[in-house]
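Shown next, in structure tokens, is the structure this report addresses.
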Amino acid sequence: MKKRNFILLTLVLALFLNACTTKKGKSKDGYFMAMENRYLGQKRPGLIPELFAPSIINTDFREAEAAFTPDLKEFYFRRRGGKYKNNTLVVLQYKDNKWVESIVPPRAGEPFISTDNKILYLGEKYRERTDFGWSKVKSLGSPFEEIPIMRLTSSSDGTYFFDEATRSGFGTLRYSQLIDGKREEPKALPEEINTGKWNAHPFIAPDESYLIWDGDREDGYGDSDLYISFRQKDDSWGAAINLGDKINTEFEDAYGSISPDGKYFFFHRSRSSSGGGNKADIFWVDAKIIENLRPKQ
């Protein structure tokens, strides 16, 4: 009888531990976060875009340019309007089982966090993570500091993909590989991507299997649309694919990215507000919309 009770107790304990493991997710540094607290505690979206955390981050001001850290414990975005006279970099951090908002001075460049969580890219500038927070703002150096970069993203191998802050010409998107520890001169991406009146805000997949950006083309739905190009077997880039009318609207739809866990697609939508200013909100949607567009090979 005692042996039977012991076995029964062991089974109950095993089920309990399994339930705890299922409920909690472990980040790379060993930190546990309950699943329901991830993504600011928001209910997960389906295949129709929804406002992201409307009761937490969306205001009458402009909120745009969203970026999560790989461990999902920090969420960065820019805010402008009201007391925020200029673009201001804001971060929500998960501390003591709650999300806490603060400002990240002094530079409010468009944020992107490296896949190893060590670098915060801000256009042609960057900051390194230290034991005490982010370092002082540093320059990427030549030739990047000569290019008016808005958004720079990096693959797991360290290849940069970036734009330029100009509407003259095509707004060329470029890339720069890291070869034997040395950064190569930037090269323009092919015409499959650099076509139309405007190309900006590229996001490269960690494995470089696809590139997302926003542009102004004849096949668009409005001001600017989000597009994707998939890497082909011969290493070339496939034709640009419009993300469709569930994502793109008559307004400016821009700054697309996939969450670090690959589950959700984030972007922002801009439009003129009743007060004459520029209003933007951050949206998210299930990343299956990306996989549904991937060509079958």
Side-chain angles (χ1 to χ4, degrees), residues 45 47-54 57-67 77-82 84-88 108-112 123 147-153 161-174 188-189 191-204 210-229 239-258 264-285 287 289-290 293:
L47 296 177
I48 302 298
E50 299 178 12
L51 280 173
F52 179 65
I57 66 171
N58 285 285
T59 67
D60 290 332
F61 307 139
R62 174 182 172 84
E63 276 93 14
E65 290 99 35
F77 63 98
R78 296 205 303 178
R79 179 180 286 153
R80 187 175 74 239
Y84 303 96
K85 302 300 182 184
N86 299 307
N87 282 316
T88 301
E110 296 179 359
F112 174 80
I147 302 172
I149 299 173
M150 294 180 291
R151 187 191 203 187
L152 180 148
T153 62
F161 286 76
F162 56 95
D163 56 13
E164 57 179 324
T166 175
R167 283 185 180 271
S168 62
F170 296 113
T172 304
L173 300 184
R174 299 181 175 89
L189 285 156
E191 63 179 0
E192 285 83 359
I193 293 167
N194 281 313
T195 297
K197 301 177 183 177
W198 171 246
N199 297 288
H201 312 123
F203 171 82
I204 186 63
Y210 59 82
L211 180 73
I212 297 171
W213 74 99
D214 47 273
D216 185 354
R217 300 188 179 206
E218 291 183 358
D219 67 346
Y221 292 88
D223 192 356
S224 71
D225 284 11
L226 284 153
Y227 291 85
I228 188 169
S229 173
I241 302 172
N242 188 296
L243 291 188
D245 60 4
K246 297 296 188 296
I247 301 296
N248 294 311
T249 65
E250 63 182 295
F251 303 111
E252 180 185 76
D253 300 287
Y255 209 86
S257 65
I258 301 295
Y264 305 102
F265 176 62
F266 283 81
F267 66 101
H268 70 246
R269 183 170 294 156
S270 303
R271 61 187 184 278
S272 297
S273 66
S274 58
N278 187 262
K279 175 79 165 62
D281 295 309
I282 297 169
F283 287 78
W284 66 330
V285 66
I289 63 162
I290 298 299
L293 293 172

For the student: nearest non-hydrogen atoms of Ile212 and Ile258, plus distance: CD1-CG1, 4.3 Å
CA sep, side-chain torsions, deciding dist, call: Arg271, Thr249, side-chain contact (heavy atoms from CB on, under 4.5 Å): CA-CA 10 Å; Arg271 61 187 184 278; Thr249 65; over 6 Å; no
Which atom of Met150 lies closest to which atom of Glu164, heavy atoms considered: CE-O, 3.6 Å
Shortest non-hydrogen contact from Leu173 toward Asn194: N-OD1, 2.7 Å
Approximate separation, where rounding is to 0.5 Å, of His268 NE2 and Leu226 CG: 8.5 Å
Phe161 side chain reached by Leu189 side chain, heavy atoms, under 4.5 Å: yes
side-chain contact (heavy atoms from CB on, under 4.5 Å) assessment of Arg217 paired with Thr195: CA-CA 8 Å; Arg217 300 188 179 206; Thr195 297; 4.0 Å; yes
Non-hydrogen atoms of Arg78 and Ala108 that approach each other most closely: NH1-O, 2.6 Å
Short side-chain to backbone donor-acceptor contact, Thr88 and Asn86, under 3.5 Å: yes
Side-chain donor/acceptor of Arg269 to backbone N/O of Phe251, under 3.5 Å: no
Working for side-chain contact (heavy atoms from CB on, under 4.5 Å), residues Asp163 and Asn199: CA-CA 7 Å; Asp163 56 13; Asn199 297 288; over 6 Å; no
Ile57 CD1 to Phe77 CZ distance, which is reported to the nearest 0.5 Å: 5.0 Å
Cation-aromatic face contact Arg151/Phe112, 6.0 Å, 45 degrees: no
Results of side-chain contact (heavy atoms from CB on, under 4.5 Å) for Arg80 - residues two or more places apart only: Arg62, Asn87, Asn278
Atom pair OH (Tyr210) and CG (Leu293), whose distance is rounded to the nearest 0.5 Å: 11.5 Å
Phe283 side chain reached by Leu51 side chain, heavy atoms, under 4.5 Å: yes
Distance (rounded to the nearest 0.5 Å) between Asp219 CG and Asn242 CG: 5.5 Å
Euclidean distance, Phe265 CZ relative to Ile228 CD1, rounded to 0.5 Å: 7.5 Å
Donor-acceptor under 3.5 Å (Glu252 side chain, Asp223 main chain): no
Residue pair Pro202 / Trp213: nearest heavy atoms and the distance that separates them: CA-CB, 4.0 Å
Flag side-chain contact, heavy atom, 4.5 Å: Arg174 against Ile147: yes
Nearest-0.5 Å distance that lies between atom CD in Glu63 and atom OH in Tyr84: 8.5 Å
Worked check of side-chain contact (heavy atoms from CB on, under 4.5 Å) between Asp253 and Asp214: CA-CA 7 Å; Asp253 300 287; Asp214 47 273; over 6 Å; no
Test ring-ring contact (aromatic ring centres under 6.0 Å, His included) applied to Phe52 - qualifying residues, sequence neighbours left out: Phe75, Phe266, Trp284
Minimum-distance pair of heavy atoms, taken over all atoms of Ser224 and Trp198: CB-CD1, 4.5 Å
